[in-house]
S.K.: 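Here it is, the structure, as structure tokens.
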Number of protein chains: 2
Amino acid sequence: MVGLSSLMQIGELSERAGVSHRTIHYYERLGLVEPAEREGTGYRYYDEIALKRLEKIAALKRLGLSLDEIAAVIDLYFEDASGIRGKERVLEILQAQLDKTNTQLDELSTFKRDLENNIARMLGLIAQARQK
Amino acid sequence: MVGLSSLMQIGELSERAGVSHRTIHYYERLGLVEPAEREGTGYRYYDEIALKRLEKIAALKRLGLSLDEIAAVIDLYFEDASGIRGKERVLEILQAQLDKTNTQLDELSTFKRDLENNIARMLGLIAQARQK
DNA sequence: ATAGAACCTGACGTTAGGTGTAGATTTGAC
DNA sequence: GTCAAATCTACACCTAACGTCAGGTTCTAT
């Protein structure tokens with residue numbers, strides 16, 4: 001194969017993104033990433049956008065979104081604005097997601113306070129145990 | 001059975017906690033909840049603490065903790081402080097969790113900003129589409 | 001032209017977190 | 001005492017998100 005100079009194969013993408021190639025195949029079946037090129041041969045060739053998508057997917061996963069939910073919003077990050085179909089629908093998804101996010105932020109802050117209190121308590125108990 | 005007047009059966013607990021009785025059985029196997037009473041007969045009888053535990057479990061799940069991680073910290077919320085074994089170990093778990101929580105808070109805030117930007121963009125596009 | 005690395009597909013395995021179901025037992029009401 | 005509702009145990013099954021394995025193809029270097 002010639003003329004794909006700026007593209008990378010799945011091995012490099014996999015390594016740079018920190019996910020296995022089987023995971024990339026899996027994501028492809030779910031419509032989350034696509035190779036930029038794929039001629040008759042079968043080999044997949046990816047551009048930098050694919051890498052960014054994988055990174056975005058990882059970030060959204062850390063936030064607790066399922067792959068299905070990610071599939072529903074990820075194009076917002078990569079499609080050019082004018083091309084977005086079903087804007088109202090997308091807007092709904094975003095609003096719902098924002099609500100969830102706000103709740104999650106609240107709960108997380110509370111959890112953090114709890115953790116900090118518990119840590120302080122633990123430290124106290126440990127110091128006390130040492131003293132005797 | 002008599003004398004368990006202030007206790008409830010699994011059906012009531014299940015309903016009040018909003019989880020199935022099968023889930024409660026499952027949690028019991030993982031050591032997350034226990035009936036307050038269980039005589040020879042086999043029936044489980046729960047107190048209000050069990051309900052609080054289930055609610056706490058749900059909250060921790062929403063924060064993205066696995067059931068195993070929850071098992072590691074939940075007693076902090078219910079055991080009396082003096083009874084906590086392996087304080088150093090618990091402290092480590094808490095510290096690690098706090099780090100994770102801080103990262104998660106950051107990512108979540110970023111995500112929220114992204115969402116808000118996307119929402120604004122969508123609203124703009126929709127208004128524009130209406131105008132023409 | 002050939003070896004070895006990289007890649008392909010398809011089928012099956014795995015873990016977490018449950019749900020479904022069947023057949024037996026217990027309970028509470030009458 | 002009897003009957004329906006609630007519960008019990010045990011086993012099987014389910015989905016999400018991958019990982020493993022096997023056998024075959026393609027690429028690159030020499």
Side-chain angles (χ1 to χ4, degrees), chain A residues 1-47 50 53-74, chain B residues 1-47 50 53-74:
Chain A
M1 278 296 107
V2 188
L4 304 172
S5 42
S6 68
L7 299 178
M8 58 186 142
Q9 296 183 189
I10 200 168
E12 184 182 344
L13 178 62
S14 152
E15 184 145 344
R16 291 175 65 191
V19 302
S20 78
H21 66 281
R22 299 298 284 123
T23 297
I24 297 176
H25 286 164
Y26 180 58
Y27 286 180
E28 183 176 330
R29 284 207 313 148
L30 301 185
L32 292 173
V33 239
E34 271 195 355
E37 291 270 355
R38 187 150 198 214
E39 20 256 272
T41 143
Y43 271 41
R44 293 165 173 87
Y45 297 93
Y46 298 92
D47 54 19
R53 286 183 79 102
L54 288 178
E55 287 166 352
K56 201 66 184 176
I57 291 166
L60 295 175
K61 278 191 53 174
R62 278 194 298 278
L63 298 175
L65 302 224
S66 72
L67 295 182
D68 272 12
E69 291 172 320
I70 293 176
V73 301
I74 190 166
Chain B
M1 279 295 106
V2 188
L4 302 172
S5 42
S6 69
L7 300 178
M8 58 186 141
Q9 297 185 187
I10 200 168
E12 184 182 344
L13 178 62
S14 153
E15 182 146 345
R16 289 176 64 191
V19 302
S20 77
H21 65 282
R22 304 291 291 106
T23 297
I24 297 177
H25 287 164
Y26 179 59
Y27 285 178
E28 182 176 331
R29 284 206 314 150
L30 300 184
L32 292 172
V33 238
E34 273 195 352
E37 292 269 353
R38 188 151 196 213
E39 19 254 273
T41 142
Y43 270 41
R44 294 164 173 87
Y45 297 93
Y46 299 92
D47 55 19
R53 285 184 81 100
L54 288 177
E55 286 165 354
K56 200 65 182 177
I57 291 166
L60 294 176
K61 280 191 50 177
R62 278 194 298 278
L63 297 175
L65 302 224
S66 73
L67 295 182
D68 271 12
E69 291 172 321
I70 293 174
V73 302
I74 191 164

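The structure presented is a predicted model; accordingly, all values stated were derived computationally and were not measured. Numbers restart at 1 for each chain; the letters A, B, ... are given by sequence-line order, proteins then strands.
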S.K.: Hey, what do you get for CG (B:L60) to CG (B:L67), rounding to the nearest 0.5 Å?
M.R.: 10.0 Å
S.K.: Once you measure the plane-to-plane angle for B:Y45 and B:Y43, does it fall in the parallel (<30°), tilted (30-60°) or perpendicular (>60°) bin?
M.R.: tilted
S.K.: Hey, does A:L67 reach any base, or is it just sugar-phosphate, or nothing, if we go heavy atoms under 4.0 Å?
M.R.: sugar-phosphate
S.K.: Taking B:D68 for the side chain and B:A71 for the main chain, is one N or O donor matched with an acceptor at less than 3.5 Å?
M.R.: no
S.K.: Rounded to the nearest Å, what distance is computed from the CD atom of residue A:E12 to the C1' atom of nucleotide C:dC7?
M.R.: 15 Å
S.K.: Identify the residue among A:E37, A:Q9, A:H25 that makes a side-chain contact (heavy atoms from CB on, under 4.5 Å) with A:R44.
M.R.: A:H25
S.K.: Using heavy atoms to find the nearest nucleotide of DNA chain D for A:Q9 and A:T23 separately, return the residue whose nucleotide is more 5′.
M.R.: A:T23
S.K.: To the nearest angstrom, how far is B:D68 atom CG from C:dG18 atom P?
M.R.: 12 Å
S.K.: Between B:L13 (CG) and D:dT7 (P), how many Å, whole number?
M.R.: 10 Å
S.K.: Enter the distance from A:L63:CG to A:E69:CD here, rounded to the nearest 0.5 Å.
M.R.: 11.0 Å
S.K.: When the distance from CD of A:E28 to P of D:dA17 is rounded to whole Å, what number comes out?
M.R.: 17 Å
S.K.: Using 0.5 Å steps for rounding, measure from the CD atom of B:E34 to the CZ atom of B:R53.
M.R.: 8.0 Å
S.K.: Between A:Y26 (OH) and C:dC12 (P), how many Å, whole number?
M.R.: 18 Å
S.K.: May I have the distance from B:I57 (atom CD1) to C:dG17 (atom P), rounded to whole angstrom?
M.R.: 12 Å
S.K.: What is the per-nucleotide protein-contact pattern of nucleotides 8-15 of chain D, from the 5' end, where B denotes a base atom under 4.0 Å from a protein heavy atom, S denotes such proximity for sugar-phosphate atoms only, and - denotes neither?
M.R.: SBBB----
S.K.: Check the distance between D:dA16's C1' and A:Y27's OH and give it to me in whole angstrom.
M.R.: 11 Å
S.K.: If I take atom CD1 from residue A:I57 and atom CG from residue A:L65, how far apart are they, to the nearest 0.5 angstrom?
M.R.: 11.0 Å
S.K.: Does B:K61 place a side-chain N or O at less than 4.0 Å from the phosphate oxygens OP1/OP2 of C:dG18?
M.R.: yes
S.K.: Would you kindly give the CZ-to-C1' distance between A:R29 and D:dA16, to the nearest whole Å?
M.R.: 12 Å
